[in-house]
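Just so we're clear, the structure is a prediction, and the values are computed from it rather than from any experiment.
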Amino acid sequence: TFNMAKRGGFSIGIDYGRNEILAAKALALRHSVNNIVFTQMEVTPENASLLPKADLVICLSIFHHWIRKLGEDESLRIMKGLAESANKYFVFDTGQPNEKNVDWNECLDFMNPDIDKWAEAYFKALGFSKVVNLGNHRTSLSEVPRTLFIAVKDTNE
């Protein structure tokens with residue numbers, strides 16, 4: 001969010017955690033970043049489609065928590081609402097179904113046997129024309145790397 005604001009765009013950061021939002025607001029104030037807003041909010045199937053339209057929507061490391069808490073259908077409704085908010089790009093990562101010692105990996109079985117193929121089919125069904133695997137990154141939770149994707153809408157540019 002800060003990197004986008006530094007480039008001149010207006011950015012909105014949303015997090016369910018109160019402390020995370022307070023810290024982000026303090027950083028924005030300390031560094032005089034005025035084109036950024038942070039709000040504490042739980043994104044739900046009912047309100048995801050009400051979020052403002054943006055050229056870029058970033059959804060990182062939360063989808064697997066929605067799956068665990070809400071189930072597959074409701075979590076996919078959230079993703080659909082977020083995808084509708086993305087005018088051009090949607091950046092996405094999630095926990096992986098093959099991660100060990102976590103309480104949500106079995107909930108992600110629908111992504112097997114190949115998360116790249118699942119992501120491509122899923123985002124294309126949501127109206128994106130191209131899905132690119134941007135690479136993998138590690139987390140502190142698992143030795144299994146997570147995949148970062150960007151889905152692109154055909155904007156005829």
Side-chain angles (χ1 to χ4, degrees), residues 1-7 9-31 33-112 115 118-119 121-128 131 134 136-142 144-153:
T1 313
F2 280 100
N3 286 335
M4 294 305 294
K6 285 179 189 175
R7 291 190 165 112
F10 178 74
S11 297
I12 302 171
I14 300 171
D15 199 300
Y16 181 70
R18 179 179 178 271
N19 292 338
E20 289 79 357
I21 293 300
L22 290 173
K25 286 180 176 181
L27 281 170
L29 185 64
R30 180 171 188 230
H31 296 286
V33 181
N34 298 316
N35 55 337
I36 197 167
V37 172
F38 294 99
T39 188
Q40 181 185 0
M41 176 180 161
E42 180 175 8
V43 179
T44 67
E46 293 75 31
N47 68 21
S49 63
L50 302 175
L51 294 170
K53 296 276 188 192
D55 288 340
L56 169 66
V57 172
I58 302 172
C59 183
L60 299 178
S61 296
I62 188 66
F63 180 69
H64 54 286
H65 296 293
W66 290 334
I67 292 283
R68 179 181 43 82
K69 181 179 177 184
L70 302 172
E72 182 179 345
D73 290 342
E74 294 297 288
S75 300
L76 293 175
R77 275 185 58 210
I78 292 173
M79 291 292 288
K80 184 176 188 285
L82 295 177
E84 290 169 358
S85 296
N87 290 329
K88 296 180 183 180
Y89 308 104
F90 193 106
V91 175
F92 170 77
D93 85 338
T94 185
Q96 306 288 296
N98 58 339
E99 287 187 52
K100 307 291 185 227
N101 302 317
V102 293
D103 62 353
W104 39 258
N105 60 338
E106 292 178 6
C107 301
L108 300 174
D109 279 342
F110 62 91
M111 294 178 172
N112 283 323
I115 191 170
W118 172 82
Y122 179 69
F123 283 103
K124 284 188 173 180
L126 290 176
F128 293 89
V131 180
L134 295 174
N136 298 316
H137 64 91
R138 296 214 179 265
T139 71
S140 61
L141 297 177
S142 171
V144 176
R146 292 187 182 171
T147 306
L148 182 65
F149 297 97
I150 186 167
V152 180
K153 286 188 177 172

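- Although no hydrogens or angles enter the test, the distance criterion places a donor-acceptor pair under 3.5 Å between the side chain of Asn47 and the main chain of Glu42.
- Between Val131 and Ile150 there is no side-chain heavy-atom pair separated by less than 4.5 Å.
- Side-chain contact check for Met111 versus Phe63: some heavy-atom pair is nearer than 4.5 Å.
- A donor-acceptor pair under 3.5 Å is absent between the side-chain atoms of Ser49 and the main chain of Gly81, judged by distance alone.
- Remark: side-chain polar atoms of Ser85 are not paired, donor with acceptor, to backbone N or O of Lys53 under 3.5 angstrom.
- Under the 4.5 Å side-chain criterion, counting only non-hydrogen atoms from C-beta, Val144 is not in contact with Lys100.
- The shortest side-chain heavy-atom distance between Leu51 and Met41 falls under the 4.5 Å cut-off.
- Rounded to the nearest 0.5 Å, atoms CG (Leu56) and NZ (Lys88) are 10.5 Å apart.
- For Lys153 and Phe128, the positive end sits near the middle of the six-membered ring, less than 6.0 Å away and at most 45° from its axis.
- Listed for the Thr139 side chain is a donor-acceptor partner under 3.5 Å among the backbone atoms of Leu141.
- Side-chain contact between Phe2 and His31 is absent, with no heavy-atom pair separated by less than 4.5 Å.
- Put simply, the side chain of Asn35 gets close to the backbone of Ala5: a donor and an acceptor are under 3.5 Å apart.
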Test log, rule side-chain contact (heavy atoms from CB on, under 4.5 Å), inputs Phe92 and Met79: CA-CA 10 Å; Phe92 170 77; Met79 291 292 288; 3.4 Å; yes
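- Looking at heavy atoms from C-beta onward, Cys59 lies out of side-chain contact with Val91 at the 4.5 angstrom threshold.
- Side-chain contact annotation: Asn105 with His64, donor-acceptor N/O pair under 3.5 Å absent.
- Checked against the 6.0 Å centroid threshold, Phe90 and Phe123 count as a close aromatic pair.
- Side-chain contact between Ile36 and Thr1: present, with at least one pair of heavy atoms (C-beta onward) separated by less than 4.5 Å.
- Under the side chain to side chain contact (heavy atoms under 4.5 Å, CB included) test applied with Ile115, the options Leu108, Asn98, Thr94 reduce to a single match, Thr94.
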Is there a side-chain contact (heavy atoms from CB on, under 4.5 Å) between Phe38 and Ile12 once you walk through the steps? CA-CA 6 Å; Phe38 294 99; Ile12 302 171; over 6 Å; no
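- The shortest distance between side-chain heavy atoms of Glu74 and Glu46 falls below 4.5 Å.
- With Gln40 contributing its side chain and Tyr16 its backbone, the two residues share a donor-acceptor pair below 3.5 Å.
- Between the Tyr89 side chain and the Ile58 main chain, no donor and acceptor come within less than 3.5 Å of each other.
- Remark: the backbone N or O of Gln96 is paired with a side-chain donor or acceptor of Glu99 at under 3.5 angstrom.
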